[in-house]
Protein chains: 2
Amino acid sequence: MITFEKFTMDDSGPIYGQIVRYVKRGIVAGRIENGDEMPSRRVLSATLGVNPNTIQKAYRMLEDEGIIQSHAGAKSYVVLDEAKVEAIREELAENDIGAMISALKQSGLTREEGLELIGRLWKE
Amino acid sequence: MITFEKFTMDDSGPIYGQIVRYVKRGIVAGRIENGDEMPSRRVLSATLGVNPNTIQKAYRMLEDEGIIQSHAGAKSYVVLDEAKVEAIREELAENDIGAMISALKQSGLTREEGLELIGRLWKE
DNA sequence: AAAACTGTATTATTTGAGTAATACAGTTCC
DNA sequence: GGAACTGTATTACTCAAATAATACAGTTTT
């Protein structure tokens, strides 16, 4: 069973998007694997203090991307193969790192200045 | 006169926030300096294709942070000293880089893996 | 002085995100 | 088989963001 701690979600943007990203990052990090059981909409709703409809919206998006499978009445499961995981890994890196690079460029930092600053701020 | 190209604003979140960030990045990058004249609300509204009220909200925030000055009827001007610029520089780095680091950590990357990947994706 | 700009303020409307409260049908489990 | 779970769907409501359409008073500019 995948565990969602009470609001790891401190990102930006809509909550359902944050949940989708949280799951994808969990997959890439190996915390979530093929065959894992998703918490029910109601349970996750209570855990995160978020409306069931919002959870359903996130789950629907995950299903549309082929990451989970839902059958009416039964529990929902994670469905993954190595290719999918790799695709998600690249999508996340592209998004997270790409956004920062374009922000730092807009701030006038060169590649070397940027890398130096990141290295200094990332103290594990 | 500060120039806003037709939608450099492809960020996320409210438009007024994007405008505020755009100005701050311009300041840090040296594109915007003390004494610079801001485009009028109406002009920027037309340039960006955004409602005047939304522009006014952004300008109000900039004024509240002491970055611009507005006097009813007259044009608005940028007001900066070196200390302010440095404060903005640190705020932006903290935000942009901090967000990415916490995202990459959540994806399970170590500091070394992260820095290596960023270096590879940032091809100037 | 008059025209053409400025900033500022107000009211109404639309849209998307999120909440709230149910309802229903399918499944799991004892 | 019945209870207790599942996923799914619907309708109504609130709220913030953004738009739209003005209006007014102060400033530049000619």
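- In terms of position on DNA chain C, the residue among G17(A) and G73(A) whose nearest nucleotide sits closer to the 5' end is G17(A).
- To the nearest 0.5 Å, atoms CG (L104(B)) and CG (L109(B)) are separated by 5.5 Å.
- Contact between the side-chain N/O atoms of R42(A) and the OP1/OP2 oxygens of dT22(C) is not found at any separation under 4.0 Å.
- Among the nucleotides dT6(C), dG7(D), dA20(C), the one closest to any side-chain atom of N53(A) is dA20(C).
- Between the side chains of S76(A) and R41(A), at least one donor-acceptor pair of N or O atoms lies under 3.5 Å.
- Regarding K75(B), its NZ atom lies at a distance of 23 Å from the P atom of dA25(D), rounded to whole Å.
- Within the structure, every side-chain polar atom (N or O) of Y59(B) is placed at least 4.0 Å from both OP1 and OP2 of dG7(C).
- One finds a side-chain N or O of R41(B) lying less than 4.0 angstrom from the OP1 or OP2 phosphate oxygen of dT8(C).
- Minimum atom distance to the side chain of A74(B) is reached by dT28(D), of the listed dC24(C), dT8(C), dT28(D).
- Atoms CE (M38(B)) and C1' (dG7(C)) sit 13 Å apart, rounded to a whole Å.
- In this structure a side-chain-to-backbone donor-acceptor pair under 3.5 Å is present from K84(A) to G66(A).
- Regarding Y77(A), its OH atom lies at a distance of 10 Å from the C1' atom of dT6(D), rounded to whole Å.
- Taking 4.0 angstrom as the limit, S70(A) places none of its side-chain polar atoms (N or O) nearer than this to OP1 or OP2 of dG7(D).
- Taking a cutoff of 4.0 Å between a charged side-chain nitrogen and a carboxylate oxygen, D96(B) and R21(B) do not qualify as a salt bridge.
- Closest to the N51(A) side chain, of the nucleotides dA17(C), dA20(C), dT8(D), is dA20(C).
- Listed candidates were dA17(D), dA17(C), dT19(D). Nearest to the side chain of K57(B) is dA17(D).
- A sub-4.0 Å separation between OP1 or OP2 of dG7(C) and a side-chain N or O of S76(B) is present.
- Side-chain nitrogen and oxygen atoms of T54(B) include none within less than 4.0 Å of the OP1 or OP2 phosphate oxygen of dA17(D).
- A 4.5 Å side-chain heavy-atom check between Q106(A) and R31(B) finds at least one atom pair inside the cut-off.
- When rounded to the nearest whole Å, the span between CD1 of I55(B) and P of dT6(C) equals 13 Å.
- Taking atom OH of Y16(B) as the reference point, atom C1' of dA17(D) lies 7 Å away to the nearest angstrom.
- The distance from atom CD of Q18(B) to atom P of dA18(D) is 8 Å, rounded to the nearest whole Å.
- A straight line from NE2 of H71(B) to C1' of dG26(D) spans 12 Å, rounded to a whole angstrom.
- The distance between atom CD of Q56(B) and atom C1' of dA20(D), rounded to the nearest whole Å, is 16 Å.
- Among the nucleotides dT10(D), dT8(D), dT19(D), the one closest to any side-chain atom of I15(B) is dT19(D).
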